[in-house]
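Just so it is clear, the values below take in all heavy atoms, side chains as well, and ignore hydrogens, waters and symmetry mates. One-based numbering along the sequence shown.
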Amino acid sequence: MLRTQQKNLSGYALRDAGWEALVNNLGLINATRFIMQSETGYGDYAKIRKGAVKGKRVADLYKEIVLFEKKH
């Protein structure tokens with residue numbers, strides 16, 4: 001059921017209604033393709049990644065990951 005009549009939808013309800021509208025109008029495959037094209041991100045990932053790991057050993061990166069997971 002498309003909920004276009006509702007106002008002030010919560011974040012989840014808004015995403016759900018938007019996805020439903022896309023699928024109903026474009027079909028599942030094209031709706032998915034649309035989302036993939038719309039969510040391209042920003043910046044140069046290769047440069048960011050190189051800067052984030054430059055000079056670090058695998059063991060150091062592993063420790064950072066473990067610490068991050070414990071905090072989150």
Original post:
Who are the side chain to side chain contact (heavy atoms under 4.5 Å, CB included) partners of Val58, not counting sequence neighbours?
Top reply: none
Subject >> Within 6.0 angstrom of Ile29 CD1, more than 12 heavy atoms from elsewhere >> reply: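 12 or below, so no.
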Original post:
In the hydrophobic clustering (ILVMFWY, side-chain contacts below 4.5 Å, transitive), which residues join Val53, or is it alone?
Top reply: Leu61
Original post:
Mind checking who shares a hydrophobic cluster with Leu22, ILVMFWY linked at side-chain heavy-atom distances under 4.5 Å?
Top reply: Trp19, Val23, Leu26, Leu28, Phe34, Ile35
Original post:
Given the rule in the side chain to side chain contact (heavy atoms under 4.5 Å, CB included) test, do Thr32 and Met36 qualify, once you have shown the distances and angles that lead to the verdict?
Top reply: CA-CA 6 Å; Thr32 302; Met36 291 176 69; 4.1 Å; yes
Original post:
Is there a donor-acceptor pair under 3.5 Å between the side chain of Asp60 and the backbone N or O of Arg57?
Top reply: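 Pair found, side chain donor or acceptor close to backbone of Arg57.
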Original post:
Any donor-acceptor pair under 3.5 Å linking the side chain of Asp16 with the backbone of Tyr12?
Top reply: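 Judged by distance alone, no pair lies under 3.5 Å.
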